[in-house]
Amino acid sequence: MARERRSKTEVINAKIAAIDEKITGYANKIAALSDEKEELQKELDSLAAAQKKAEEEAQMKEVMKIIKAKKISVDELKQFVESKEG
């Protein structure tokens with residue numbers, strides 16, 4: 001059983017094919033990682049928005065406490081704000 005010897009061209013073509021296969025594999029991994037990164041960024045953006053909303057709600061509660069404690073009416077509050085704007 002004699003082994004058939006491959007030509008230098010065949011060896012090089014085989015190496016190129018192997019490299020192409022690796023490149024395709026890496027490209028698929030990059031695409032998967034990019035998708036994962038996008039999902040994580042969406043989650044991060046959602047968390048940031050939720051945190052901002054929670055902070056705004058906390059501030060509004062604090063304002064409402066002050067308004068109630070000082071017994072300020074809506075009209076008085078409007079007048080105060082308008083006087084600060086002008």
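Numbers here simply count residues along the sequence, with the first being 1. Nothing here was measured: the structure is a model prediction, and the numbers come from that model.
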Report, one line per pair, each donor and acceptor closer than 3.5 Å where one atom sits in a side chain of residues 50-72; sequence neighbours left out.
residue, atom, partner, partner atom, Å
Q51, NE2, E55, OE2, 3.4

Which side-chain N or O atoms in residues 25-43 pair as donor and acceptor under 3.5 Å with protein atoms at least two apart or in another chain?
residue, atom, partner, partner atom, Å
N28, ND2, T24, O, 3.4
S34, OG, I30, O, 3.0
Q41, NE2, D45, OD1, 2.9

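Applying the side chain to side chain contact (heavy atoms under 4.5 Å, CB included) test to S7 and every residue at least two apart in sequence or in another chain returns T9, E10.
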